[in-house]
Amino acid sequence: MPELPDVEIFNRLVLGQCCARTIAQAVIRDHGILQGIPADALQARLKGEPIRSSARYGKHLFILLRAGALTMHFGTNGSLRLVLRDGSEPPYTRLRLDFDDGDRLAYVNPRRLGGVGICDSVEQFVAQLGLGPDILDAAFDLKAFTAVLAASKRDIKAVLMDQRVMAGLGNIYSDEVLFQARIHPDTAAGNIRGESAVRLFSAMHETLDTAIRCGAGAERSVERLPKDFLLPQRHRGGHCPRCSTALATAKHAGRTSYYCPRCQPN
DNA sequence: TTAAGTGTTGCTCT
DNA sequence: AAGAGCAACACTTA
């Protein structure tokens with residue numbers, strides 16, 4: 001679930017609630033989520049460290065420290081929760097940052113896909129993983145987008161989800177974007193040109209902006225989404241929010257795609 | 001009851 | 001050498 005909009009909400013939580021707070025101690029509840037750093041080293045690295053800022057790149061979150069950053073990836077159903085002094089720790093908390101004022105930041109990850117680590121800088125981390133441009137980065141403009149499409153013969157669904165091509169979309173939001181742009185997931189990326197490329201580019205931005213504005217990933221955020229969003233109907237037996245046609249499913253890059261066979265003609 | 005499905009990434013294999 | 005396939009995980013549904 002945590003794709004670009006969800007991670008952006010976590011980013012804003014840290015920016016708004018955690019900046020300038022100091023980590024009294026880091027409690028590692030599950031060593032299995034540590035990526036490339038031993039538990040004692042991470043604890044030592046975070047102890048007494050003030051949180052300077054926060055940043056997001058694609059689906060990755062960076063909690064910026066005095067030097068370097070704590071990196072977080074949320075896998076399929078991870079989240080970030082601020083727990084007040086007297087609050088109780090959420091289930092499946094894998095890492096907890098205890099601030100010196102008693103509040104705590106909980107990295108929750110039931111399925112334990114994804115994890116946390118330390119990096120020197122966002123740029124270094126992005127280069128190391130070979131991530132493509134963040135989709136909301138202004139530098140990734142229509143021209144860059146159409147160039148990427150033209151260079152690929154794969155189906156558009158696989159291209160939108162490929163983090164090395166562009167970073168931020170997963171299975172759910174790539175379905176949403178294609179639905180909004182009325183493009184069939186099977187369409188060869190290289191065949192999307194001109195007006196339909198513009199439509200796809202716009203849908204990508206509008207869908208992500210709208211999801212962020214509705215508080216993606218947060219409690220009951222689905223209820224706040226516009227009526228024409230596919231997401232709430234994106235399940236077996238779901239219907240198109242526009243024309244009520246039964247949604248179709250197919251496999252792309254090994255993942256299940258949901259689409260409207262009527263609104264998204266092949 | 002067992003088996004498949006879900007979601008993302010990284011590895012292996014072709 | 002791009003891209004398919006699977007393993008990793010925990011939990012739910014058929």
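Note on naming: letters A, B, ... go to the chains in the order of the sequence lines (proteins, then strands), and numbering restarts at 1 for each one.
- Distance, A/Tyr173 OH to B/dT6 P: 18 Å, rounded to whole Å.
- Backbone-only contact: A/Gly75 has heavy atoms under 4.0 Å from sugar-phosphate atoms and none from a base.
- What separates CG of A/Leu113 from P of B/dG7 is a distance of 12 Å, to the nearest Å.
- Residues A/Arg112 and A/Asp155 both approach DNA chain C. Their nearest nucleotides, taken by heavy-atom distance, put A/Asp155 toward the 5′ side.
- Computed from coordinates, the A/Asn77 CG to B/dT9 C1' distance equals 14 Å when rounded to whole Å.
- Atom pair A/Gln163:CD and B/dG7:P shows a separation of 15 Å (rounding to whole Å applied).
- The interatomic distance linking A/Leu129 (CG) with B/dG10 (C1') rounds to 10 Å, in whole Å.
- When DNA chain C is scanned 5' to 3' for any atom under 4.0 Å from a heavy atom of chain A, the first and last hits are C/dG3 to C/dA14.
- A/Asn171 pairs with exactly one of A/Lys157, A/His252, A/Glu3 by the side chain to side chain donor-acceptor pair (under 3.5 Å) rule, that one being A/Lys157.
- No contact: A/Gly254 has no heavy atom under 4.0 Å from any strand.
- Residue A/Lys59 has a polar side-chain atom (N or O) positioned under 4.0 Å from OP1 or OP2 of B/dT9.
- Residue A/Glu3 contributes atom CD, which lies 15 Å from atom P of B/dT6 at whole-angstrom precision.
- Nucleic acid contact class of A/Tyr92 (heavy atoms, under 4.0 Å, all strands): sugar-phosphate only.
- The separation between A/His235 atom NE2 and B/dG7 atom P is 12 Å, rounded to whole Å.
- Side-chain contact between A/Ser257 and A/Thr249 is absent, with no heavy atoms from C-beta onward closer than 4.5 Å.
- Using a 4.0 Å heavy-atom criterion, one finds that A/Arg236 contacts the sugar-phosphate atoms exclusively.
- For A/Arg29 and A/Tyr92, the positive end is not near the middle of the six-membered ring at less than 6.0 Å and at most 45° from its axis.
- Under 4.0 Å is where a charged nitrogen must lie from a carboxylate oxygen, and between A/Arg154 and A/Asp162 at least one such pair does.
- Residue A/Ala253 is the one, among A/Ala253 and A/Pro110, whose nearest nucleotide of DNA chain C lies closer to the 5' end (criterion: closest heavy atom).
- Among residue pairs with one or both ends in residues 186-201 of chain A, those qualifying as salt bridge (charged side-chain N to carboxylate O under 4.0 Å, His left out) are A/Glu195-A/Arg199; sequence neighbours excluded.
- By the 4.0 Å N-to-carboxylate-O rule, A/Arg21 lies too far from A/Asp100 to be salt-bridged with it.
- Side-chain nitrogen and oxygen atoms of A/Arg111 include none within less than 4.0 Å of the OP1 or OP2 phosphate oxygen of B/dT9.
- Checking A/Arg104, A/Arg96, A/Arg81 one by one against A/Glu89, the side chain to side chain donor-acceptor pair (under 3.5 Å) holds for a single residue, A/Arg96.
- With the nearest nucleotide of DNA chain B identified for both A/His60 and A/Thr256, A/Thr256 has the one nearer the 5' end.
- We find that CE of A/Met166 is positioned 14 Å from P of B/dT9, with the value rounded to whole Å.
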